[in-house]
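All remarks here apply to the structure that follows.
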Amino acid sequence: MAGSTRAGTKARLYDAFAASGKALASGKRLELLDLLAQGERTVDALAKAAGLNLTTASAHLQTLKQAGFVATRREGVRIHYRLAGEDVAQLFALLRKVAEAHQAAVPAARDAYLGDDDAAEVTQEELRARVAAGDVVVLDVRPAEEYQAGHIPGAMSIPVDELAHRIDELPEKTEIVVYCRGEYCVLAYDAVRLLTDRGRRAIRLNDGMLEWRLAELPVDAGDLA
């Protein structure tokens, strides 16, 4: 192969790689991937959860679809989106960790969003051991549809925006381990603060459902607990 021809084909290859990077070059598109990592959703539901109008959400989703990151299915007039594969979730999770390690702005932005507190955390391994011992309550504070799409076995579901008026559903003397979408999800932070303010013993899982799935740990789906 002539040198100029090889250079041209190499350029096309790297341009094809770059197309994937371009599809990820939007905070809102990353947020949509974060939501889809929790389970399949309609365009309407994604737009509402991401704080976007329907037209903008659809445009972002089309960009992700063209890059091969999401897939669709039609049910009547509704289009449902899902991640194209677990490798997309892995890429999303790795992108966040690499950015936190190498982008100076990320840790400060993370702390500003999640809040600076000294609440204790447990690892996946520690949580599984404590669940087996029966000395904790596991609380999922994501929206109900995300819980139904997949949750840690035995976890209770109380969405964070319902927690204040449903707190009596939780036992008073047992420590509560709270989790939400992932390591950078604010819902668990807000829930632990609320529970602690109400006199409950509450700690966080140090990551969330995204990392739990990627670790290939058991996941239940279906009815609310």
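Values below: every heavy atom of this structure, side chains too, minus hydrogens, waters and symmetry copies.
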Between [X] and [Y], is any pair of side-chain heavy atoms under 4.5 Å apart?
{"X": "Glu169", "Y": "Ile167", "result": "no"}
{"X": "Pro171", "Y": "Val137", "result": "yes"}
{"X": "Asn206", "Y": "Val122", "result": "no"}
{"X": "Phe92", "Y": "Leu210", "result": "yes"}
{"X": "Met209", "Y": "Cys180", "result": "no"}
{"X": "Val70", "Y": "Gln62", "result": "no"}
{"X": "Ile203", "Y": "Glu175", "result": "yes"}
{"X": "Arg200", "Y": "Leu170", "result": "yes"}

Shortest non-hydrogen contact between [X] and [Y], atoms and distance:
{"X": "Ala144", "Y": "Pro159", "answer": "N-CG, 4.0 Å"}
{"X": "Ala104", "Y": "Pro107", "answer": "O-CD, 3.5 Å"}
{"X": "Ala202", "Y": "Val192", "answer": "O-CG1, 3.7 Å"}
{"X": "Ala155", "Y": "Asp140", "answer": "CB-CB, 4.4 Å"}
{"X": "Leu83", "Y": "Ala89", "answer": "CD1-CB, 3.9 Å"}

Between [Y] and [X], is the closest basic N to carboxylate O distance under 4.0 Å?
{"X": "Glu75", "Y": "Arg78", "value": "no"}
{"X": "Arg130", "Y": "Glu125", "value": "no"}
{"X": "Lys97", "Y": "Glu183", "value": "yes"}

By side-chain hydrogen bond (donor to acceptor under 3.5 Å, both in side chains), which residues pair with Asp15, not counting sequence neighbours?
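Checked Asp15 against side-chain hydrogen bond (donor to acceptor under 3.5 Å, both in side chains); zero matches.
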
What residues form a side-chain hydrogen bond (donor to acceptor under 3.5 Å, both in side chains) with Tyr189, not counting sequence neighbours?
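Counting only residues at least two positions away or on another chain, Tyr189 forms no side-chain hydrogen bond (donor to acceptor under 3.5 Å, both in side chains).
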
Has the side chain of [X] got a donor or acceptor atom that lies under 3.5 Å from a matching backbone atom of [Y]?
{"X": "Arg82", "Y": "Leu36", "answer": "no"}
{"X": "Glu126", "Y": "Thr123", "answer": "yes"}
{"X": "Tyr113", "Y": "Tyr184", "answer": "no"}
{"X": "Thr56", "Y": "Leu52", "answer": "no"}
{"X": "Gln66", "Y": "Thr63", "answer": "no"}
{"X": "Trp212", "Y": "Pro218", "answer": "yes"}

Would you give the length of the straight line joining atom [atom1] of [X] to atom [atom2] of [Y], rounded to the nearest 0.5 angstrom?
{"X": "Leu32", "Y": "Phe69", "atom1": "CG", "atom2": "CZ", "result": "13.0 Å"}
{"X": "Ser26", "Y": "Leu64", "atom1": "OG", "atom2": "CG", "result": "8.0 Å"}
{"X": "Arg181", "Y": "Leu187", "atom1": "CZ", "atom2": "CG", "result": "5.5 Å"}
{"X": "Glu31", "Y": "Leu35", "atom1": "CD", "atom2": "CG", "result": "6.0 Å"}
{"X": "Asp34", "Y": "Arg29", "atom1": "CG", "atom2": "CZ", "result": "15.5 Å"}
{"X": "Leu163", "Y": "Leu194", "atom1": "CG", "atom2": "CG", "result": "5.0 Å"}

Using the side-chain hydrogen bond (donor to acceptor under 3.5 Å, both in side chains) definition, which of the options His151, Gln38, Gln148 pairs with Arg142?
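That would be Gln38; it is the only one of His151, Gln38, Gln148 passing the side-chain hydrogen bond (donor to acceptor under 3.5 Å, both in side chains) with Arg142.
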
Run the side chain to side chain contact (heavy atoms under 4.5 Å, CB included) test on Val138 and Ile176 for me, step by step, so that the C-alpha distance in whole Å, both residues' side-chain angles and the decisive distance to 0.1 Å come before the verdict.
CA-CA 6 Å; Val138 183; Ile176 302 162; over 6 Å; no

Kindly determine whether Val177 and Arg204 satisfy side chain to side chain contact (heavy atoms under 4.5 Å, CB included), including the steps that lead there.
CA-CA 5 Å; Val177 177; Arg204 289 187 301 270; over 6 Å; no

Please lay out, stage by stage, how Arg201 and Glu172 fare under the test salt bridge (charged side-chain N to carboxylate O under 4.0 Å, His left out).
CA-CA 8 Å; Arg201 291 190 298 130; Glu172 292 186 13; over 6 Å; no

Please lay out, stage by stage, how Ile152 and Asp220 fare under the test side chain to side chain contact (heavy atoms under 4.5 Å, CB included).
CA-CA 6 Å; Ile152 294 175; Asp220 282 349; over 6 Å; no

Check the hydrophobic clustering (I, L, V, M, F, W, Y; side-chain heavy atoms under 4.5 Å; chains of links allowed) and say if [X] and [Y] are grouped together.
{"X": "Leu217", "Y": "Leu139", "result": "no"}
{"X": "Val219", "Y": "Leu205", "result": "yes"}
{"X": "Val98", "Y": "Leu24", "result": "no"}
{"X": "Leu95", "Y": "Val88", "result": "yes"}
{"X": "Tyr179", "Y": "Leu127", "result": "yes"}

Is it true that atom NZ of Lys28 has more than 12 heavy atoms of other residues, nucleotides or ligands lying nearer than 6.0 Å?
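Enclosed: over 12 neighbouring heavy atoms sit under 6.0 Å from NZ of Lys28.
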
More than 12 heavy atoms from other groups under 6.0 Å of CZ on Arg193:
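More than 12 within 6.0 Å, yes.
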
When Thr72 is tested against each of Ile79, Val43, Leu61 for side chain to side chain contact (heavy atoms under 4.5 Å, CB included), which residue passes?
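Between Thr72 and the candidates, side chain to side chain contact (heavy atoms under 4.5 Å, CB included) is satisfied uniquely by Ile79.
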
Show, in sequence, the C-alpha distance, side-chain angles and deciding distance for Asp135 and Thr174, and conclude whether the side chain to side chain contact (heavy atoms under 4.5 Å, CB included) test is met.
CA-CA 7 Å; Asp135 67 350; Thr174 306; 5.9 Å; no

Salt bridge (charged side-chain N to carboxylate O under 4.0 Å, His left out) evaluation trace for Glu86 with Arg213:
CA-CA 9 Å; Glu86 185 178 287; Arg213 285 181 183 274; over 6 Å; no

Give the ring-plane orientation class for Phe17 versus Tyr14, where under 30° counts as parallel, over 60° as perpendicular and anything between as tilted.
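Answer is perpendicular, since the angle exceeds 60°.
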
